[in-house]
Amino acid sequence: MMDRLNPEQRAAVTLPSGHALVLAGAGSGKTSVLTSRMAWLIQTGQVSPHGLAAVTFTNKAAREMLTRLTSLLPIDTRGMWVGTFHGLCNRLLRMHYRDAGLVQTFQILDTADQLASIKRMVKANNVDDEKFPPKEIQKFINACKEDGQRPGDLEAHDPHRRRLIELYQLYQEQCEREGVVDFGELLLRAYELLSRNAPIREHYQRRFKHILVDEFQDTNVLQYRWLRLLAGDQACMFAVGDDDQSIYAFRGANVGNMADFERDYARGNVIRLEQNYRSCGHILDSANALIENNSGRLGKNLWTDSGEGELVRISELASDALEAQWIVDEVRALIAEGKPRREIAILYRSNAQSRVIEHRLFSQGLPYKVYGGHRFFERQEIKHVLAYLRLMDNADDDTAFLRVVNFPTRGIGARSVEQLADLARERGTSLLRAIPYLQGRAAASLMRFSNLIQDMASQAQILSLPELIEHVVHDSTLLAHYQADREGAERLENLQELVNAATVFVGEEGFAELPAGRVPEAVAGESEQAMQNPDQPAASVLAPMSPLGSFLTHASLEAGDNQAQAGQDAIQLMTIHAAKGLEFDAVFITGLEEGLFPHENSLFDPGGIEEERRLMYVAITRARQRLYITLAQSRMLHGQTRYAMRSRFLEELPEQHIKWLSARYTSTPMQSEASSGAFRRGQSWESKDKSYSAQPYGGRSHTSVLEVNGQTFRVGQGVHHNRFGEGTIINLTGQGDDAQALIQFREVGSKTLALAIAKLDPVS
DNA sequence: CTTATGGGCTTTTTT
DNA sequence: AGCCCATAAG
């Protein structure tokens, strides 16, 4: 195990008992160190698998850790505490739900559910949603929870804030009534459970001798406090992180935790891993140079001994469509040279950018896989089925109720629901439970809905989970609804996929033979001695869950990883955030434009630009052998064409490491136009001196006269544009919808405009 | 009262 | 391009 580690890595892995902070640069073998450390601790008998906890941020990272661990040591990892913060907190709360003040069947709200819940609360309390937009309330509540603060801990400096705190309180009461918790609540509840309940706290403090934390730079204030509580003064903390890869400040991550950790725990025990085993020289040096522009770093400089490698290739295109085209042409060239598709990644700053690229990949028949964005469990048809299931599992879940009470439509409109809501409030019960007490018009149709849910719930006692889901899809008339919909085919496929997912889930969890709604007698693995301890409060009871309940939890916590067609060799599309922790032979970073990357919203808050820069740093360091960076002069955004300048980050990359593949559009358009078409020669992937198949403009025809939408354009003609003013057409390319004009404007320099979109008036 | 339709408005990143 | 809301039609 040790022979594959370098001296620094080995030092970290075999550090004697005590706390340590490992500053692990990108590609420095961080995961390897973490898992080797776990294996070493177990193998040398310093701790049993049972006495070890490892925390990550993503489910993917947790799985990876377990996989690697079992390859190092043949041990049984079931029952080990390896998981995400949210996953482990969920586990804790399930085991001690009573002490945590939760109902046994509590379900988890994802971000969208939470927003819907807040909107409902806003409406029920006649809050002015102009003054208090639900999104803002949501942000406020989540920020409070990330800071560990309850409504009672907050001070009202002004009336607006006072109201926000009241709304936070009202929202909490609503969640309580409905038996649901949001992501932030998961962590805060678990923290409060440990801090208030001494026997439980001491039990876990005795149990865990070693706590390892991955991606420590991403922890927020509450998570750090939770870790400290869990560790007590006995456990050893081993934190691995990289301040240069801190990209989650927007959701409360506090890089300052690293410095605090060094002060509180690690003291002298700080180990730097600076040798990079991933990227070649030019790529790594570009990343180093870029991140130099940030202030207040803990300091670290990555190096490699794998040689200079290839230059970073930058290409500037006229539009987002052309950018996509260029990228896809390049991708095809890479594939033609034998590069596996899964080793090619296309990264972007925001999910909206994926559309154009997907479109192009699709039309070229290239298999690709989009990560993140619209995740499987977040699709509307899936959420609908899940809402039916949730309602069956928990009649108090008003969020679920409102989602499906009239979907597909069954004659229960807003008015009926409002009446029902009034009645429910009067009687202090949930919407579904209030139905039998309803009088008047709406009573009949709502009663039918109530019966529908009850029938489904009784089927849960007989059918397995996959069977149950099929029945729900049918009986809810979702099936008929999507069959009737012209665009429903894909949704139906997804519903089938949900049934498949349930089959897989039920098998993995050992629920296969059990009816969906049945709670197993005993739960393997987790029962342990925990509750047999004499100092455990008697009220604490293990919370076994039905297959249905477990599946719903699974759907909320692991919405991210759509395991569908995971094995296929496909081009990888994802946001830069989603790419963290991954690596590829060839990487495209797209949309290097001011306003997009760095994103315009980041310009406001202090530190925003630096976070964007770290994001760029993360993106660059994903590449092993070849890195492309692209940008588009114009981009369709919100249905409007927007024009942007080159990203400042491009200027921060040293010239000796980069190579511009396209013309650099400057204020002298003739020059840039002249160079187009002739410049795309260079090293091919493996053999030298082979030219690329792709041309930046896809071999478009150049003409001097073009007609688009009945309007004639010719080179040399004067035109007027609403935004750019007057200019002269320098060049015309393409035809029809693809027709473009390169125009030299008097005021703003040269621009390439799509003639089908841009409004141009002729000027004499 | 419900449902369908069209217009206005928005959009960072995620457990 | 999609979501929410107002408005008009059943």
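So you know, we letter chains A, B, ... as the sequences are listed, proteins then strands, and number each from 1.
- Using a 4.0 Å heavy-atom cutoff across all strands shown, Lys135(A) reaches sugar-phosphate atoms only and no base atom.
- By the 30° and 60° cut-offs, the orientation of the rings of Tyr482(A) relative to Phe407(A) is tilted.
- The interatomic distance linking Leu115(A) (CG) with dT14(B) (C1') rounds to 15 Å, in whole Å.
- Within 4.0 Å of Ser602(A), counting heavy atoms only, lies no atom of the nucleic acid at all.
- The ring of Tyr248(A) does not lie on top of the base of dT13(B); it is either too far (5.5 Å or more) or too tilted (30° or more).
- Of the candidates dA1(C), dT2(B), dT13(B), the closest approach to any side-chain atom of Ser416(A) belongs to dT2(B).
- Side-chain contact of Asn59(A) with Arg63(A): a donor-acceptor pair under 3.5 Å is absent, judged by distance alone.
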Polar atoms only, N or O, under 3.5 Å: list the protein pairs with nucleotides 3-5 of chain B and their distances.
from, atom 1, to, atom 2, distance (Å)
dT3(B), OP1, Gly411(A), N, 2.9
dT3(B), OP2, Asn406(A), ND2, 2.9

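- In this structure, the CG atom of Leu402(A) is 14 Å from the P atom of dC4(C), given to the nearest Å.
- Residue-to-nucleotide proximity on DNA chain B shows that, of Gln419(A) and Gly87(A), the 5′-proximal contact is made by Gln419(A).
- Taking the side chain of Arg415(A) as heavy atoms from C-beta on, and the options dT13(B), dC1(B), dA1(C), the nearest nucleotide is dC1(B).
- Within the 4.0 angstrom heavy-atom criterion, only backbone atoms of the sugar-phosphate kind lie near Phe57(A); the bases stay farther away.
- Figure legend: cation-pi geometry between Arg94(A) and Phe106(A), with NZ or CZ positioned under 6.0 Å from the six-membered ring centre and within 45° of its axis.
- Between the side chains of Thr477(A) and Arg410(A), no donor-acceptor pair is found at a separation under 3.5 Å.
- Put simply, CG on Leu446(A) is 13 Å from C1' on dC1(B), counting in whole angstrom units.
- Cation-pi geometry between Arg613(A) and Tyr617(A) is not satisfied (NZ or CZ under 6.0 Å from the ring centre, within 45° of the ring normal).
- Side-chain nitrogen and oxygen atoms of Thr575(A) include at least one within less than 4.0 Å of the OP1 or OP2 phosphate oxygen of dT14(B).
- Following rounding to the nearest Å, Leu187(A) (CG) and dT14(B) (P) show an atom-to-atom distance of 18 Å.
- In this structure, Leu603(A) places its CG atom 16 Å from P of dT13(B), rounding to the nearest Å.
- Across all strands, Arg251(A) comes closer than 4.0 Å to base atoms (heavy-atom distances).
- Using a 3.5 Å distance cut-off with no hydrogens or angles, the side chains of Gln217(A) and Gln245(A) do not pair a donor with an acceptor.
- We find that CD of Glu611(A) is positioned 8 Å from C1' of dT13(B), with the value rounded to whole Å.
- Residue Glu600(A) contributes atom CD, which lies 9 Å from atom C1' of dT11(B) at whole-angstrom precision.
- Rounded to whole angstrom, the span from the CD atom of Gln114(A) across to the P atom of dT14(B) amounts to 16 Å.
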Item checked: Stepwise salt bridge (Lys or Arg N to Asp or Glu O under 4.0 Å) test for Glu323(A) and Arg635(A) -> CA-CA 10 Å; Glu323(A) 181 192 36; Arg635(A) 189 175 288 280; 3.0 Å; yes
